[in-house]
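One structure below.
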Amino acid sequence: MPELPEVEVTRLSFAARIRGARIEAVRLGKPLRWPLGCEPRELLSQTLGDVHRRAKYLWLELERGGLLIHLGMSGSLAFVDHPGPPGAHDHFDLVTTRGTLRLTDARRFGAVVWANSTDTGMAKKLLAGLGIEPFDPAFTGNYLHSALQGRRVAIKPALLAGDIVVGAGNIYASEALFEAGVDPRTRGRRLSRARAQRLAVALRRTLQSAVELGGSTLRDFRDAQGVAGEFQLHCAVYGRQGQPCTRCGTAIRRIVQGQRSTYFCPRCQRP
DNA sequence: AAGTGGACCTGCTAGC
DNA sequence: TGCTAGCAGGTCCACT
């Protein structure tokens with residue numbers, strides 16, 4: 001579910017409402033990808049500040065540190081006044097004076113990790129080595145082109161890796177490559193400066209558009225207010241193998257790269 | 001250093 | 001109807 005747009009849409013849907021709330025209780029369900037990293041009672045009585053996003057992580061500011069949240073493959077957050085009893089896949093509740101923030105995550109690839117300012121633990125490690133934000137003005141065609149030098153891996157898995165630029169996952173990497181007209185099998189270092197420029201623009205536009213459409217709801221994504229996204233209705237290639245390209249009519253192909261599906265138009269997208 | 005494949009975990013769907 | 005194989009929005013880690 002959650003690539004950059006879904007994470008950002010989630011953030012926008014509860015950040016203003018949770019700011020200033022005080023934590024009253026914490027409930028943990030089954031283990032997530034990493035342990036919380038503190039005793040739940042250490043969070044009690046702390047007041048929440050701003051909610052930030054870095055790559056596909058959310059960062060909830062607390063008085064004495066913060067919580068780093070990742071939604072994994074199947075996670076979503078809900079912020080509600082009166083939550084029902086936790087279901088089988090509800091693995092974290094943050095009960096506050098303004099409502100309860102609940103993480104639902106069937107596959108449990110997600111995580112909630114505590115960190116404070118002197119932290120040298122998991123949270124810091126997770127954020128180290130992340131690439132540039134796609135909306136950062138420093139993310140340019142020239143940056144992308146030079147970062148790809150010395151990379152013989154194909155451009156699509158290079159976008160997913162997250163060490164050059166963050167935010168694109170399996171849907172938006174395929175969509176951005178289609179918009180840029182770049183064959184996903186093109187090796188990184190073979191991408192010309194001009195094509196890197198087109199790709200940088202396409203990636204930013206694709207992600208921006210997806211945020212504006214509320215993200216993609218392929219199966220069960222909802223923002224923290226329960227609202228579904230609509231980007232999936234605008235996908236040009238993702239999940240459309242065998243169907244005609246919206247631009248030229250050629251059948252969309254599905255291939256596997258790095259154990260993930262890639263979708264592209266063999267006519268519109270060139271090396 | 002960069003590239004590759006396995007691992008984590010559960011649910012759903014297509015096919016027999 | 002029931003079982004099984006394959007697939008799913010992520011990314012860390014060990015190994016070459």
Side-chain angles (χ1 to χ4, degrees), chain A residues 1-10 29-35 37 53-58 68-77 87-92 103-113 121-131 146-177 185-190 203 206-207 210-211 213-223 228-235 237-242 254-263:
Chain A
M1 160 212 329
E3 304 183 30
L4 181 151
E6 290 74 31
V7 176
E8 179 65 8
V9 165
T10 298
K30 286 186 181 179
L32 293 163
R33 181 158 189 184
W34 293 288
R53 181 191 56 73
R54 172 74 173 108
K56 299 170 191 169
Y57 292 94
L58 290 177
L68 192 66
I69 299 180
H70 198 287
L71 300 177
M73 284 282 259
S74 55
S76 62
L77 288 172
H89 300 309
D90 297 331
H91 301 302
F92 180 82
L103 173 66
T104 303
D105 184 2
R107 295 177 73 180
R108 290 189 282 128
F109 291 166
V112 181
V113 179
M122 201 65 218
K124 185 165 189 176
K125 188 175 176 183
L126 293 173
L127 295 174
L130 288 178
S146 66
L148 287 169
Q149 296 313 303
R151 302 282 186 115
R152 52 185 318 118
V153 71
I155 183 63
K156 197 267 194 164
L159 287 178
L160 289 189
D163 55 342
I164 294 177
V165 57
V166 299
N170 215 32
I171 298 175
Y172 302 112
S174 279
E175 292 298 318
L177 286 163
R185 298 165 296 188
T186 310
R187 292 182 187 276
R189 61 182 182 185
R190 304 288 291 254
L203 179 62
T206 300
L207 295 172
V211 171
L213 287 164
S216 295
T217 299
L218 296 188
R219 154 166 292 150
D220 52 12
F221 171 71
R222 295 287 189 283
D223 73 13
E230 295 187 345
F231 183 89
Q232 73 282 0
L233 304 174
H234 299 254
C235 280
V237 289
Y238 184 83
R240 296 193 63 243
Q241 72 273 29
R254 172 187 178 274
I255 60 175
V256 175
Q257 295 179 294
Q259 302 160 289
R260 314 289 307 276
S261 294
T262 297
Y263 302 89

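In what follows, chains carry the letters A, B, and so on, assigned in the order in which the sequence lines appear, proteins first and then strands, with residues in each chain numbered from 1.
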query: Can any side-chain N or O of A:E6 pair as donor or acceptor with the backbone N or O of A:E3 at less than 3.5 Å?
result: yes

message: I'd like to know if the side chain of A:R185 reaches the main chain of A:R187, judged simply by a donor and an acceptor atom lying under 3.5 Å from each other, with no hydrogens or angles considered.
response: no

field: Identified pairing partner of C:dT1, criterion: Watson-Crick or G-U wobble below 3.5 Å
entry: none

task: Report yes if a side-chain nitrogen or oxygen of A:H89 is closer than 4.0 Å to either non-bridging phosphate oxygen (OP1 or OP2) of B:dG11; otherwise report no.
output: yes

message: What is the separation between atom CD1 on A:I171 and atom P on C:dC7, rounded to the nearest whole Å?
response: 17 Å

Donor-acceptor pair, side chain of A:K56 and main chain of A:E8, under 3.5 angstrom: no

Donor-acceptor contact below 3.5 Å, side chain A:Q232 vs main chain A:T217: yes

- request: Please test A:S261 against A:R254 for side-chain hydrogen bond (donor to acceptor under 3.5 Å, both in side chains), starting from the C-alpha separation and ending with a verdict.
  value: CA-CA 6 Å; A:S261 294; A:R254 172 187 178 274; 2.9 Å; yes

query: What integer distance in Å separates A:M73:CE from B:dC12:C1'?
result: 13 Å

task: Find the distance A:Q259:CD to B:dA7:C1' and express it as a whole number of Å.
output: 10 Å

- prompt: Between A:Q257 and A:T262, does any side-chain donor sit less than 3.5 Å from a side-chain acceptor?
  reply: yes

- request: Write down the distance between CD (A:E3) and C1' (C:dA8), rounded to a whole number of angstrom.
  value: 12 Å

task: In whole angstrom, give the distance that lies between atom CZ of A:R53 and atom P of C:dG10.
output: 14 Å

query: Considering every strand shown, what is the Watson-Crick or G-U wobble mate of B:dC9 when both distances are under 3.5 Å?
result: none

query: For A:F221 and C:dG10, what is the distance between atoms CZ and C1' respectively, to the nearest whole Å?
result: 15 Å

message: Whether A:S261 contacts C:dA8 is assessed here as follows: a side-chain N or O lying under 4.0 Å from the phosphate OP1 or OP2. Is that the case?
response: yes

field: Residue met sooner reading DNA chain B from 5', once A:G150 and A:G258 are mapped to nucleotides
entry: A:G150

message: Under 5.5 Å centre to centre and under 30° between planes: does that hold for A:F109 and the six-membered base ring of B:dC9?
response: no

A:R107 CZ to C:dA8 P, straight-line distance once rounded to whole Å: 10 Å

- request: Remember a base hit wins even if backbone is also touched, and classify A:Y238 as base, sugar-phosphate or nothing at under 4.0 Å, heavy atoms.
  value: sugar-phosphate

- line: Scoring nucleotides 11-16 of chain C by protein non-hydrogen atoms under 4.0 Å (B base, S sugar-phosphate only, - none) yields BSS---

Base B:dC9 to side chain A:R108, donor-acceptor N/O within 3.5 Å cut-off: no

field: Interatomic distance where CD1 belongs to A:I164 and P belongs to B:dA1 [whole Å]
entry: 15 Å

- request: Without swapping roles, check the side chain of A:S74 against the backbone of A:R107 for a donor-acceptor pair under 3.5 Å.
  value: yes

field: Among B:dC12, C:dG10, B:dG3, the nucleotide that comes nearest once only the side chain of A:R219 is considered
entry: B:dC12

